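Here the structure is a predicted model, which is why all the values come from computation and not from measurement. Naming convention: chains lettered A, B, ... in sequence-line order (proteins, then strands); numbering from 1 in each chain.
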Amino acid sequence: MNIRFSGFGGQGIILSGVILGWAAVLDGKNAIQTQSYGSSARGGSCKCDVIIQESAIYELEPEHNDILITFSQPSYNAFIKSLKEGGHLFYDSDLVTVDTNEFPCNSIPATDIAFKEFKQKIYANMLMLGFLAEKIRFIGFRAIEKSISQYVPTKTIEMNIAAFRMGIDLAK
Amino acid sequence: MNIRFSGFGGQGIILSGVILGWAAVLDGKNAIQTQSYGSSARGGSCKCDVIIQESAIYELEPEHNDILITFSQPSYNAFIKSLKEGGHLFYDSDLVTVDTNEFPCNSIPATDIAFKEFKQKIYANMLMLGFLAEKIRFIGFRAIEKSISQYVPTKTIEMNIAAFRMGIDLAK
Amino acid sequence: MNNQKYLDSLKNKTLFLQGDEAAAYGALFAGCNFFAGYPITPASEIAELMSRELPKSGGYYIQMEDEIASIGAVIGAVWSGGKSMTATSGPGFSLMQENIGYACMTESPCVIVDVQRSGPSTGQATKGAQGDVLQARWGTHGDHEMIALSPWSSQESFDLMIEAFNLSEKYRNPVIFLLDGEVGHIREKVVFPDINELNIYQRNISLEKIDVFGGQRIPPMIEFGMGQRIHVTGSTHKSNGMRDVSSMEAHDTLIRRIYDKISSNRNEIAHFETHYIDNMDYLAVSYGAAARPTMGAVLKLRERGIKIGFLRLITIWPFPIDICTELGKRTKKIFVPEMNLGQVSREIERFVNCPVESVSKIGGISHTIDEITNYISANI
Amino acid sequence: MNNQKYLDSLKNKTLFLQGDEAAAYGALFAGCNFFAGYPITPASEIAELMSRELPKSGGYYIQMEDEIASIGAVIGAVWSGGKSMTATSGPGFSLMQENIGYACMTESPCVIVDVQRSGPSTGQATKGAQGDVLQARWGTHGDHEMIALSPWSSQESFDLMIEAFNLSEKYRNPVIFLLDGEVGHIREKVVFPDINELNIYQRNISLEKIDVFGGQRIPPMIEFGMGQRIHVTGSTHKSNGMRDVSSMEAHDTLIRRIYDKISSNRNEIAHFETHYIDNMDYLAVSYGAAARPTMGAVLKLRERGIKIGFLRLITIWPFPIDICTELGKRTKKIFVPEMNLGQVSREIERFVNCPVESVSKIGGISHTIDEITNYISANI
Amino acid sequence: MENKYVKYLRNETLPTEFCVGCGCGTVLNLFCHVIDEMQINPDDIITVTGIGCSSWIPSPYFSADTLHTTHGRAIAFATGVKVMKPGKHVIVIAGDGDLAGIGGNHLIHAARRNIGLTVFLVNNYIYGMTGGQVSPTTPSTVNTATTPYGNVEQPMQIAELVAAAGASYVARWTTYHVFHLKKAMKEAISKKGFSFIEICSQCPTSYGKRVGKREGIDQLLDFKENSMNIQNVSGMREDELEGKYIVGKLVERNRLEFVDGLLNINAQFAEGVR
Amino acid sequence: MENKYVKYLRNETLPTEFCVGCGCGTVLNLFCHVIDEMQINPDDIITVTGIGCSSWIPSPYFSADTLHTTHGRAIAFATGVKVMKPGKHVIVIAGDGDLAGIGGNHLIHAARRNIGLTVFLVNNYIYGMTGGQVSPTTPSTVNTATTPYGNVEQPMQIAELVAAAGASYVARWTTYHVFHLKKAMKEAISKKGFSFIEICSQCPTSYGKRVGKREGIDQLLDFKENSMNIQNVSGMREDELEGKYIVGKLVERNRLEFVDGLLNINAQFAEGVR
Amino acid sequence: MGIKRKKIEIEIDERLCKGCDICVILCSEKVFTISKKINSNGYYVPIPSNIENCNGCLICELICPELAVILEKTELDELVAL
Amino acid sequence: MGIKRKKIEIEIDERLCKGCDICVILCSEKVFTISKKINSNGYYVPIPSNIENCNGCLICELICPELAVILEKTELDELVAL
Ligand SMILES: Cc1ncc(C[n+]2csc(CCOP(=O)(O)OP(=O)(O)O)c2C)c(N)n1
Ligand SMILES: Cc1ncc(C[n+]2csc(CCOP(=O)(O)OP(=O)(O)O)c2C)c(N)n1
Ligand code: SF4
Ligand code: SF4
Ligand code: SF4
Ligand code: SF4
């Protein structure tokens with residue numbers, strides 16, 4: 001399964017991918033995570049890819065994705081082409097306008113909810129991760145929560161997990 | 001014919017070789033000149049090799065010399081081994097003590113004569129060149145004089161040629 | 001906290017690490033206690049991790065003013081008892097070349113990581129490549145041998161870095177750790193070993209006065225501060241280290257020894273992995289990032305009934321000549337997927353008579369499995 | 001005095017020159033008007049002559065603070081209308097590698113002289129060698145091609161330097177002038193030509209706005225100050241020069257074009273000389289200093305009735321593949337005298353099936369004719 | 001409608017790729033003003049730059065001949081340019097890491113040589129482009145990506161160093177001091193010989209966030225509040241000056257410009273070989 | 001009988017390969033005296049050097065651990081040495097071309113970093129070993145092998161530059177000032193932090209002969225006659241100072257030494273990962 | 001020479017502005033206000049809502065890192081304008 | 001504390017001296033004279049011919065580039081020596 005997170009730098013895109021990838025490993029699967037960085041992480045679109053498989057992973061850069069998660073219009077525009085036929089699209093409904101109906105779409109106004117519920121936009125990524133995890137049940141919630149608690153600053157673990165769980169609820 | 005000039009830095013060793021080599025070319029022969037330089041030119045022995053041939057010269061560093069000219073004891077010690085059987089040894093009789101009688105020897109107290117006759121030790125090299133040129137008649141005197149006048153500072157051409165000619169006379 | 005305690009604290013841990021980070025941890029396990037470097041994409045992660053972890057294990061991190069200074073400090077540290085390393089990418093690796101030659105000439109054990117990016121020149125700074133393979137061998141002036149290793153995963157990056165330090169100490173030669181931007185930046189699972197079960201080659205140090213630069217094929221070292229007043233120089237030297245720049249014999253003896261200590265141990269240094277070579281018509285040879293899709297392609301091709309074997313190089317230099325020569329006799333054609341315009345493929349050509357075809361890809365995106373599969377299918 | 005007058009004053013002169021000096025005069029005849037360098041044995045004579053002669057011909061000499069700055073200034077001068085060069089030896093050549101890659105990437109015509117000395121590292125500073133042959137090809141990071149020429153006499157040093165500038169301008173690539181300490185320091189007869197009868201390749205400059213970095217295999221240049229506001233970068237760029245560091249296509253197109261412009265013109269660039277190849281059992285291949293005693297040995301061996309041919313390489317890179325392949329088919333064995341541990345011999349191995357034997361000599365003293373003669377006699 | 005100075009830029013490259021609130025854009029902006037006010041035709045400008053965010057100011061944005069070189073080597077390349085094009089304005093703009101870190105030697109030697117380059121060093125106290133590693137100008141004790149436990153080195157006083165190296169014109173200003181900086185830029189460009197301005201600039205992304213100044217404006221306000229003119233600092237102790245930005249003109253003097261020196265020599269041969 | 005300081009030398013390397021009357025030998029001589037008077041065991045000294053005649057002072061002559069590095073890089077190598085051996089005296093001796101020419105960047109950064117090295121820069125105003133090419137310290141107008149029509153560059157004021165870079169101790173003396181220089185060497189070696197002495201030295205072979213001073217003594221007499229103490233030059237004009245050797249101590253100050261800084265950090269982890 | 005009266009027009013270039021708010025904060029006369037409107041690049045472009053307060057100091061135009069402040073200052077000759 | 005009398009011995013190490021004559025010229029008391037005798041390396045080694053003039057300043061010993069001046073200064077306690 002190839003998953004791409006995308007958006008602006010500073011939206012926690014890469015962290016989402018790392019958390020998901022590590023969760024997959026904790027869940028006994030194989031996973032690799034890659035990201036785009038450097039100058040393009042400042043201005044334009046930023047992306048983070050995760051490949052999760054039962055078998056050994058030999059592909060390094062997937063040509064097509066099964067899932068695309070996007071938090072900005074420019075990144076949506078840039079990456080929508082990479083989504084496989086039948087792939088799933090997740091996006092922040094406040095920040096992205098979708099101009100195709102080729103794909104099953106799942107959206108929440110994650111950033112807005114995060115700001116309203118947790119006082120900080122930065123929790124949008126965990127909201128979305130929960131939303132994704134519930135919609136596509138491929139990694140155990142436990143593993144994801146464990147992964148979250150290992151990757152976010154200790155003081156924010158609780159909030160992040162709360163956001164993650166709210167994402168799950170929103171998907172139900 | 002392989003000729004090696006040797007002595008201390010500052011005795012005009014290399015200039016002698018260059019002048020002789022160029023003279024050979026002016027005389028219609030093939031000639032190459034090489035020299036040792038760098039740190040060894042400061043302290044220890046310094047050498048300058050000239051190869052003169054009618055045919056094209058393919059050898060770059062002669063293993064053995066037909067003629068060795070030497071102006072210092074250390075360089076004599078270092079290079080006497082390089083002289084071929086039957087090779088000719090030329091040296092400044094004040095500065096070098098010869099400890100072999102394997103070779104035909106030719107010596108003059110060139111430095112002393114230079115100082116006495118020309119007020120400067122530096123003309124010893126041209127004295128020796130004249131001495132050599134007369135003893136081993138292999139390059140025309142004309143060519144050598146022309147070469148001298150091209151290589152020494154304009155103001156000293158006359159003195160250098162005078163020294164050269166005195167060398168010739170001393171060899172007669 | 002000393003190194004032992006620090007490493008105990010990491011015992012048997014499993015982490016999700018980039019190849020760069022895994023390499024840095026590998027170095028710490030190998031006993032690296034000095035890192036000097038200069039930031040550059042895609043190698044900066046190594047410096048950053050070392051700056052964070054080295055002080056914990058009692059080592060030292062220093063960011064120098066450039067790459068030339070970095071490799072200089074690394075070599076200075078070696079002779080002062082350090083196990084030391086630096087990490088850079090192509091532009092910095094080019095700048096280091098003069099002093100890499102110095103490390104060869106003075107037989108200074110150290111590890112130089114080159115996380116290859118898409119070149120030449122500044123190229124595509126954030127994209128991976130395998131374009132420095134021949135530079136790793138020939139980048140510095142004058143005759144020398146070189147050891148270079150290239151891992152294909154984060155776990156191997158960790159493991160191989162330990163091997164890099166071991167080889168470096170054992171052969172008293174710099175070792176080039178040829179990561180590529182792809183492997184350097186993939187994050188995947190890495191399991192740390194128990195340091196007490198690892199085989200760490202301890203520097204061979206003589207407490208008595210011996211010839212540090214000759215006498216035996218790989219002389220033991222004496223370090224600064226041991227009261228032996230050693231003399232270390234990149235100029236031609238006698239076996240006691242004293243400069244001798246005019247004798248042909250001194251040079252010939254020194255350089256041939258330094259050369260031979262590597263090339264005559266080729267088979268001991270050369271690591272590789274083979275798959276399906278007992279029953280093959282064709283052979284794929286690859287290494288580092290490109291070896292992963294190649295492995296995927298080999299599996300696919302065999303599923304399709306194409307008898308293809310796979311040789312994955314782990315050691316690139318000294319080149320694993322014997323295995324290439326042998327496999328070259330048993331295959332109709334050799335395919336070499338590389339993220340460059342054909343570098344290892346050239347070396348293979350020297351040892352085989354069958355056609356060698358470079359499956360090259362440049363521009364910073366690694367081969368897909370399908371690309372390699374299709375290329376090979378179409379060209380057999 | 002301008003360049004024309006200056007060169008007229010040298011017309012048809014015969015001088016007794018070192019290979020270094022001859023190379024410098026060759027550069028002046030080729031129209032070189034900018035030299036930036038840093039002293040180093042055995043290349044300093046080139047700088048010294050240029051510092052003396054360039055002002056006479058209206059050009060500029062500058063001694064920089066190091067070799068990195070020197071090659072930098074050289075490239076800066078190129079884009080500002082200069083025909084420019086630098087000269088160094090191994091240690092400096094290693095330092096220049098990063099910016100040599102920049103010159104390749106930006107297709108900046110210039111000439112870099114490497115008067116090879118005995119390495120690696122500081123080695124034997126005053127002794128000649130041929131140890132940088134493969135470095136000249138692979139010294140900088142990333143995929144690139146290279147042009148490198150190696151003369152065997154003072155006269156050829158002069159003539160070939162003109163060719164070096166011509167090739168550099170024609171192919172818009174740096175050219176490495178691989179002198180060796182031996183040839184660089186022999187003094188022998190050199191005859192200057194009449195500048196008016198020489199074939200000097202004039203830089204192909206476009207007065208109109210065109211793509212300076214693409215569109216055709218070797219695009220014309222536009223220089224600074226022409227009002228075209230060009231953009232020159234060592235990062236991956238589009239054909240108009242503007243940076244594009246994320247597109248695979250941009251990189252692939254650029255790098256393959258730069259590569260192909262050299263390799264596809266291999267036979268036009270590759271100069272060599274053959275002797276006795278019509279009737280041979282064995283072949284000697286050599287170049288530069290080592291080619292002289294080799295020629296002497298070939299003559300001796302033939303006198304003794306041994307049928308040996310001689311291929312003298314003048315262009316080392318791009319490697320003259322065709323002649324090697326062809327001659328390789330007609331000989332039982334190839335002998336390669338080189339003042340290194342076998343560098344060109346490795347390249348030959350790629351293209352022939354017969355045994356290739358390196359007749360290597362290191363330590364700063366060139367082969368004698370007898371050494372080569374005896375070696376070949378004993379090994380046929 | 002468009003800002004009239006945008007005409008000095010390569011339009012297709014806009015908006016810039018600089019981070020939001022980065023000082024590099026301000027330097028670019030001021031540079032356009034200066035060129036405009038000095039009525040210099042951009043065709044008479046050759047910009048030379050290295051590698052780093054600050055190097056992007058001329059490359060690709062400013063529309064003139066642009067030589068984007070390797071990391072740290074801009075001044076070396078520019079030397080070749082100036083020698084061959086002494087009539088042009090050869091202007092180097094790059095970062096602290098580039099010009100004073102890896103490139104420090106070229107900087108001091110060019111200053112000593114007094115070659116007629118104009119150098120604008122954008123000092124953002126960090127290696128911005130590579131993601132926030134310590135730079136030679138990072139203040140002591142600051143945590144960066146490679147000084148996680150605080151920087152133990154002293155920051156380099158670049159302007160003072162360049163002055164000691166022999167430059168003809170040296171000043172230091174911040175991106176807050178737009179009027180002073182604009183004036184200084186004009187002086188630097190007009191000055192014969194090596195002229196140099198250290199421009200203290202904000203980098204919210206890689207530096208600011210490490211010192212609790214996450215937005216560009218935060219560092220600008222710091223510049224505003226903590227700058228002191230060089231004329232007022234003599235006699236102050238080192239510790240009193242900590243955290244201060246010492247702005248103003250450090251040096252202005254007349255010495256033989258290097259390329260003039262070369263031209264003088266060549267002039268001796270104008271009529272024949274001497 | 002033998003001079004008692006010869007015991008500090010590698011006897012088999014004597015007599016030195018320096019030219020007759022070269023100042024390098026005097027520096028070597030004084031260094032032996034200093035080590036003797038300070039009662040430093042040579043086993044506690046690590047000398048580091050570059051390439052050039054001056055670099056031969058420690059390598060091979062002085063009998064201690066010796067790291068003879070590449071041209072210009074001595075200070076970089078020495079940095080690695082000092083970090084791993086903070087208890088040893090790490091002493092760098094090399095030439096102007098080496099340390100301030102090609103190696104200038106390492107010099108200023110080491111001074112800034114204030115790493116506890118002792119650096120003796122032997123300034124002979126020329127590239128001696130390579131046969132007399134212009135150096136960054138060659139005075140203007142002097143003809144050298146590569147400035148046949150006179151040097152058009154300004155000479156670098158190395159001591160002033162190193163002071164501006166942040167060194168803890170900076171002085172300049174000549175080989176004529178043997179007593180002062182000996183004292184300064186002791187101060188430099190004792191000083192915590194980066195300490196630096198520029199030693200003006202004669203090179204009859206490659207420099208002296210180009211300025212009409214063919215013997216070592218000629219330049220020594222020039223040093224004798226034309227030196228001025230730094231305390232007496234303030235207020236003097238540049239042209240008044242031409243041809244003068246400004247000697248004396250430029251700087252002595254206390255700042256955190258770099259390796260101490262590193263050790264402080266490591267000490268934080270002495271009891272566990274923080 | 002008569003007294004001059006200045007006419008000032010200020011606009012912000014939507015294409016270029018990145019919403020750093022430097023102009024907003026540094027303008028001593030509070031000419032700009034932060035907006036809630038996102039441009040196509042995703043940035044909040046300030047609004048020059050109090051142009052009449054502008055004293056023509058030019059700092060906004062000079063300091064804007066994106067050359068996005070378009071400020072036109074027309075000096076009208078008072079005598080003519082009257 | 002008594003008055004000290006100094007006994008000074010000066011020798012030049014033939015093996016090391018290169019005949020630069022720096023000692024000869026810089027000695028203010030003219031202790032050394034230039035010799036005509038060449039050593040085995042070809043250098044003219046000065047002769048410390050006027051040792052009695054030596055004021056013990058030590059400059060010759062310190063400045064000799066070859067560590068060739070051997071100067072032994074023995075301080076004799078006057079009282080004891082008497
Ligand atoms: C030889 C070399 N080393 C390292 C790098 C990586 N690199 C790119 S930009 C940069 C430093 C940027 O810092 P600075 O010059 O201060 O510019 P800024 O980005 O902060 O404006 C570095 C180290 C490189 N490109 N080349
Ligand atoms: C990278 C490199 N460039 C150039 C040289 C050649 N080289 C040897 S010594 C030297 C300069 C010597 O000058 P300096 O350092 O002042 O020492 P001196 O000989 O004058 O004491 C140079 C340029 C070298 N060895 N390595
Ligand atoms: S990283 Fe810093 S310097 Fe670079 S563009 Fe962003 S704010 Fe500017
Ligand atoms: S060349 Fe100069 S510095 Fe070198 S040994 Fe001779 S006198 Fe001394
Ligand atoms: S300063 Fe410029 S970029 Fe920033 S908000 Fe104002 S107009 Fe926009
Ligand atoms: S100073 Fe020393 S080397 Fe020179 S003459 Fe006197 S004793 Fe000899």
Novice: Within the structure provided, determine whether C/Met248 and D/Lys361 are in side-chain contact (heavy-atom separation under 4.5 Å).
Specialist: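 In contact.
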Novice: Given heavy-atom pairs under 4.5 angstrom as the criterion, report whether the side chain, backbone, both or neither of D/Tyr102 touches chain C.
Specialist: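 Its backbone and side chain both get close to chain C.
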Novice: When C/Gln135 is tested against each of D/His141, D/Gln135, D/Arg137 for side-chain contact (heavy atoms from CB on, under 4.5 Å), which residue passes?
Specialist: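 Going through the options one by one, the only one that passes is D/His141.
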Novice: Working to the nearest 0.5 Å, report the span between CD1 of D/Ile68 and CG of C/Asp66.
Specialist: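 Atom-to-atom, D/Ile68:CD1 and C/Asp66:CG are 7.0 Å apart.
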Novice: Strictly distance-based, threshold 3.5 Å: is any side-chain N or O of D/Gln124 a donor or acceptor partner for the main-chain N or O of C/Ser247?
Specialist: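 It does hold such a pair.
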Novice: Between C/Gly139, C/Gly123, C/Gly101, who has the most heavy-atom pairs with chain D when the cutoff is under 4.5 Å?
Specialist: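 Among C/Gly139, C/Gly123, C/Gly101, the one with the most close pairs to chain D is C/Gly123.
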Novice: Nearest 0.5 Å, what's the CD1-NE2 distance between C/Ile365 and D/His251?
Specialist: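 It is 11.0 Å, given to the nearest 0.5 Å.
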Novice: Name the region of C/Glu249, side chain, backbone, both or neither, that has any atom closer than 4.5 Å to a heavy atom of chain D.
Specialist: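 Neither part; nothing is under 4.5 Å.
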Novice: Looking at C/Asn353, C/Leu95, C/Asn99, which makes the most heavy-atom pairs under 4.5 Å with chain D?
Specialist: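 Winner by heavy-atom pair count: C/Leu95.
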Novice: Which atoms of D/Leu254 are under 4.5 Å from chain C, going by heavy atoms: the side chain, the backbone, both sets, or neither?
Specialist: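 It is neither, since no heavy atom gets under 4.5 Å.
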Novice: For chain C, which of D/Met96, D/Gln97, D/Arg117 has the most heavy-atom pairs under 4.5 Å?
Specialist: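 Maximum pair count with chain C is reached by D/Gln97.
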Novice: When only pairs under 4.5 Å are counted, which of D/Thr253, D/Asp114, D/Asp252 shares the most heavy-atom pairs with chain C?
Specialist: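 With the most close heavy-atom pairs to chain C, the winner is D/Asp252.
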Novice: Which one of C/Ala129, C/Cys104, C/Ser235, C/Gly92 has the most heavy-atom pairs closer than 4.5 Å to chain D?
Specialist: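 Looking at each option in turn, the highest pair count goes to C/Ser235.
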Novice: What part of C/Thr106 gets closer than 4.5 Å to chain D, counting heavy atoms only: side chain, backbone, both or neither?
Specialist: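 Neither; nothing under 4.5 Å.
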Novice: Non-hydrogen atoms of chain D under 4.5 Å away: do they reach the side chain of C/Ser360, the backbone, both or neither?
Specialist: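 Both parts, heavy atoms under 4.5 Å.
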Novice: Tell me, for D/Thr233 versus chain C, whether the close heavy atoms (under 4.5 Å) come from the side chain, the backbone, both or neither.
Specialist: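 Neither part.
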Novice: Taking the side chain as every heavy atom from C-beta outward, state whether C/Ile362 and D/Arg256 have any atom pair closer than 4.5 Å.
Specialist: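 A side-chain contact under 4.5 Å exists here.
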Novice: Work out which heavy atom in C/Asp143 is nearest to a heavy atom in D/Leu341; give both atom names and the distance.
Specialist: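 Scanning both residues, the minimum pair turns out to be OD1-N, 3.0 Å.
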Novice: Apply the test side chain to side chain contact (heavy atoms under 4.5 Å, CB included) to residues C/Arg346 and D/Glu347: give CA-CA distance (whole Å), side-chain angles for both, the deciding distance (0.1 Å), then the verdict.
Specialist: CA-CA 9 Å; C/Arg346 289 175 176 252; D/Glu347 196 68 14; 3.7 Å; yes
Novice: Relative to chain C, which of D/Gly131, D/Ser121, D/Gly119, D/Gly363 shows the most heavy atom pairs under 4.5 Å?
Specialist: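 Counting heavy-atom pairs under 4.5 Å, the top option is D/Ser121.
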Novice: Checking C/Gln130 against chain D: side chain, backbone, both or neither under 4.5 Å from a heavy atom?
Specialist: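 For C/Gln130, there is no contact with chain D at all, as no heavy atom is under 4.5 Å.
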Novice: Does the side chain of D/Ile255 reach to within under 4.5 Å of the side chain of C/Pro120, using non-hydrogen atoms?
Specialist: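 Yes, side chains in contact.
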Novice: Might you point out which heavy atoms bring D/Gly142 and C/Asp132 nearest each other, and give the distance in Å?
Specialist: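 For D/Gly142 and C/Asp132, the tightest heavy-atom pair comes out as N-OD1, 3.1 Å.
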Novice: So which of D/Ala136, D/Ser89, D/Gly234 has the largest heavy-atom pair count under 4.5 angstrom toward chain C?
Specialist: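 Winner by heavy-atom pair count: D/Gly234.
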